[in-house]
Structures are given as C-alpha cells and as structure tokens.
Protein chains: 2
Amino acid sequence: MRYHKIPDETVRRLPIYLRGALHLSQQGVKGVSSQKLAGLLGVNSWQIRKDFSYFGDFGTPGVGYDTSTLIKHINRILNLDTVHKVALVGAGNLGSALLAFPGFEIYGFEIVAAFDSDKRKVGKKNSGVTVKDISDLCVLKDHGISMGIIAVPGDAAQDITDRLVNAGVRGILNFSPRYVVVPKRVKVITIDIAMDLARLPYYLPAG
Amino acid sequence: MRYHKIPDETVRRLPIYLRGALHLSQQGVKGVSSQKLAGLLGVNSWQIRKDFSYFGDFGTPGVGYDTSTLIKHINRILNLDTVHKVALVGAGNLGSALLAFPGFEIYGFEIVAAFDSDKRKVGKKNSGVTVKDISDLCVLKDHGISMGIIAVPGDAAQDITDRLVNAGVRGILNFSPRYVVVPKRVKVITIDIAMDLARLPYYLPAG
DNA sequence: GTTTGTGAATAGTTTCACAGCA
DNA sequence: TGCTGTGAAACTATTCACAAAC
C-alpha cells in the first residue's frame, strides 16, 4: 500500500522499531518476526506490520524481517542515512548532560557546536565541544548544521528559537517549557520533562 | 458532559493548560479566554473548551476562565494538589541534571532521594540530595515515595524498574531507551530523548 | 457583543481477520 | 505450518457550528 499518506503516529513509532532492530543486530540476530519485535518493544505485532505496510514490503511471509534490511529501510524513511550535525544552545545542567548523552550516536546525530549567553561558560570545553557565545549562532549556515537543541530557561526560548531559525536551522528539539513560534517550514518537537511527570499522578490509584 | 471516559489525549494536554494558567497567574492575570490561552500555548481554543468540558463547567460564558480556579481544578484532576515525593535512580550526567532541574517544583514534585550503583558517587551530595547505594532502594516505602525516575543506561533499566516496583513505587518516569515490564497497577511514562530527535529529520524538506 | 459548553460531523488510528506467499 | 501485508470494521479524537449564558 505504497500510495498513502503516512500517519504521524506511524512516524512517531518508526524510531522505536529502528531502536529494536539495531539492538537485535548488535546481538548478532539476523532475522525477527513482527511478534518477537513487538514483545521486545512493548507494542502489538499487527501495529508493526500495519506501520511497515505503508512503505512497501519489508519482510518475507513465513519467515519475518531481516534486521539489517529493516535498519536500512527505516533509516532511509526517516532521513537518518546521513550524519546530522546539531547545535546545542544552553550549556547549563541539562545542556551539559545532553552534550555527554551517548544515545544520539546510534541515530547518526553529532552535536558539533554549543552556545551559551553566560560569559563564564564561553570558551570552556564541555564533552569535547567548545562553548561559544550566543551571538556567534549565525555561523551555523557555514557548517552544514540543520538542527538545533534548545536547553535554555523558558524566558529565553523564543529569542533563541528566532536566532536558530535565522541561522538556517530547519528542525528544533525544544526542552524549554514554552511554546515557540516558528515559520511553517521549520519543525519543532518539544520535550517538556516536568509536564510528562505531571500526568503520572493522574494514573496512580488513590494515594 | 460529566459522565464520560476522559480521552488519554486530554489528560496529556491538561499539564499544558496548567502550565499556561500558572504562567498567567504569576504575571497577575486574573482571567483568560480559551482563545488567549490557546494563543499562549499553541493549541486550538475549541480543543481547550472540549477538554475542559469533560470535567464540568470551568468558565463563565461571555467572560472566560478565572486563572486561579483553573489551576485549582486541573491540580485536583491530575492529583497534583499534594506534594509528591520522587526517588531518582542514576546520578550520572542526566540524573544530576534532573536533580538540579527547576521545573518540577511548579507541579509539586520533590526529588527527596537519589540512588546509584557507582560506589564513587554514593555518599556525595548532589543538588542537596545525598546519593545512596542502590541496595538501599527498599527503604522507599517508609518515606511515602510513590514515584520514581529512571536515569540509568538501558541495560540496567529492567533491574531498576523491578527494584522500584518492589519498593512500592506506582509511577515511573523512564529516561532509558528501553521498554520495561511492570505489573498492571504500575504506570510507566517513557521519555526517549534520542528517539524524539530521531523523527525530526523526517520532517525536514530534502537536505 | 463576547465567550462558554457541547452535540454532530469529520478525520484519524487501531484492531481484526484472513488471503496469499514461503 | 508460520508469518506477512492489508482491506474492512471498530474505535478514538479533532473540528465545526451554534444554542445558551453572561
């Protein structure tokens, strides 16, 4: 079923499947059924098959999926088959943790630049990246950086967003607790850590 | 429309509305319309009204919503009207950033205990919290701690989850890139930072 | 005139069940 | 026999449009 609009929810799940396939591949597992993959990732097997069906035939009936083929396909669909250079803004506690974060690598992300407005942080090395002043953000264009991570306090978020957009960034991962306005061509994904914790008590039985 | 099952998506959005109401309240704004709130938060006004309608009448036609009433109502619905004590497991880069994170406070969360398996970290103070050995996790019950945050590498995630569940925790915020198995009574919310970044390139126009 | 609250219409997503292939 | 791929059905959520309330 190749000629369909891809549901957003399917796109959201593809990185999960990729993570599972990479995990299995690292362990030397060559093939996997939708059922096995589902068990590993905590989703349903028919959901996996349905999601894959939007893109064509990934697997072999009676056998399952080849892990390396799966990785190749999902990487291509998600545009992850080239290394993506990322700029980080905000070298505070969260920003430093993100610079040291080992999880970006498997998807081909590399944080190649870091910025902060605090003069005391500027010039210092942080996980191998030298922190630059925020006014140097405009140089991003010349370095092939198309994505930015915002790890600044809420009050600064819109200003930093504008600077990133002006610097040519087309995708933003926003860790600040604010809605930020961008032109339609720019995609923002917001992770509001406290907000996710905030809905947890709703699900706890009385207490 | 009081006698309806609440959509999960509505529950997911309630903390957003709460954040907006708190923001306005701090600025001394007493009343707000669904339209104004929507503009502030980047959602639709009818979505807000629809979401609120599941819980009863929050506002006044022709006038709007009273910010402090809104805060009170949402806090009660989300079970946020008491302080929640939280245990953090994993005092590495991410764990330390979470201990120092200022955003939990507005929702009434307090990280009162931290644990790590690394003997070099145990005993040290980290943002005012003394890191304890992981084997001391079982004391949680006696301290009224009902929620846990997992900030450990993937390989350790299931073990830590089991320990938290055994210690009586009923809600878990999981930052590890793994699906973890829990009894049905326990709710897990997973934030996989790299995964969220991983779907960003999909939305970037060719390049 | 303004804004809420909500039934009804639309859109989107998940689940099922099974034909077809290895 | 075992597993994929997918239409169709069931379910869930979003959007609209407007009556009722202030």
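So you know, we letter chains A, B, ... as the sequences are listed, proteins then strands, and number each from 1.
- Nucleotide dT4(D) holds its C1' atom 13 Å from the CG atom of L70(A), rounded to whole Å.
- K30(A) is linked by a side chain to side chain contact (heavy atoms under 4.5 Å, CB included) to nothing, counting only residues two or more places apart in sequence or in another chain.
- The separation between D66(B) atom CG and dT3(C) atom C1' is 15 Å, rounded to whole Å.
- Side-chain contact of D192(A) with T190(A): a donor-acceptor pair under 3.5 Å is absent, judged by distance alone.
- Distance CG (D51(A)) to P (dT4(D)): 14 Å, rounded to an integer number of Å.
- Of the candidates dT15(D), dA13(D), dT15(C), the closest approach to any side-chain atom of N44(B) belongs to dT15(D).
- Paired with Y65(A) under the rule side-chain contact (heavy atoms from CB on, under 4.5 Å), one option of H73(A), R49(A), K36(A) passes, and it is R49(A).
- Using a 4.0 Å heavy-atom criterion, one finds that R12(A) contacts no nucleic acid atom at all.
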Could you go over nucleotides 16-22 of chain D and give all protein N or O partners under 3.5 Å, atom names and distances?
residue	atom	partner	partner atom	Å
dC22(D)	O4'	P61(B)	O	3.3

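- Regarding Y54(B), its OH atom lies at a distance of 9 Å from the C1' atom of dT12(D), rounded to whole Å.
- Of all nucleotides listed (dA13(D), dT15(D), dG5(D)), dA13(D) comes nearest to the side chain of P7(B).
- Contact annotation for S34(A): backbone-only contact, meaning every heavy-atom pair under 4.0 Å involves sugar-phosphate atoms and none involves a base.
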Applying side chain to side chain contact (heavy atoms under 4.5 Å, CB included) to Y107(B) and L78(B), what does each step give before you reach the verdict?
CA-CA 10 Å; Y107(B) 297 113; L78(B) 290 175; over 6 Å; no

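- Between the C1' atom of dG12(C) and the NZ atom of K5(A) lies a distance of 9 Å, rounded to the nearest Å.
- In terms of phosphate contacts, Y65(A) brings a side-chain nitrogen or oxygen within less than 4.0 Å of OP1 or OP2 of dG5(D).
- Side chain to side chain, Y202(B) and D8(A) fail the donor-acceptor criterion of an N or O pair below 3.5 Å.
- The nearest whole Å value for the distance from the CD1 atom in I48(A) to the P atom in dT13(C) is 18 Å.
- At whole-Å resolution of the value, NZ in K36(A) and C1' in dG2(D) are 11 Å apart.
- Of the candidate nucleotides dG5(C), dT14(C), dT6(D), dG5(C) has the atom lying nearest to any side-chain atom of D57(B).
- With a 4.5 Å cut-off on side-chain heavy atoms, F109(A) and L197(B) count as touching.
- The CG atom of L70(B) sits 9.0 Å away from the CD1 atom of I48(B) when rounded to the nearest 0.5 Å.
- Across all strands shown, F52(A) has no heavy atoms under 4.0 Å from either base or sugar-phosphate atoms.
- Here the P atom of nucleotide dA13(D) and the CD1 atom of I6(B) are 11 Å apart, to the nearest Å.
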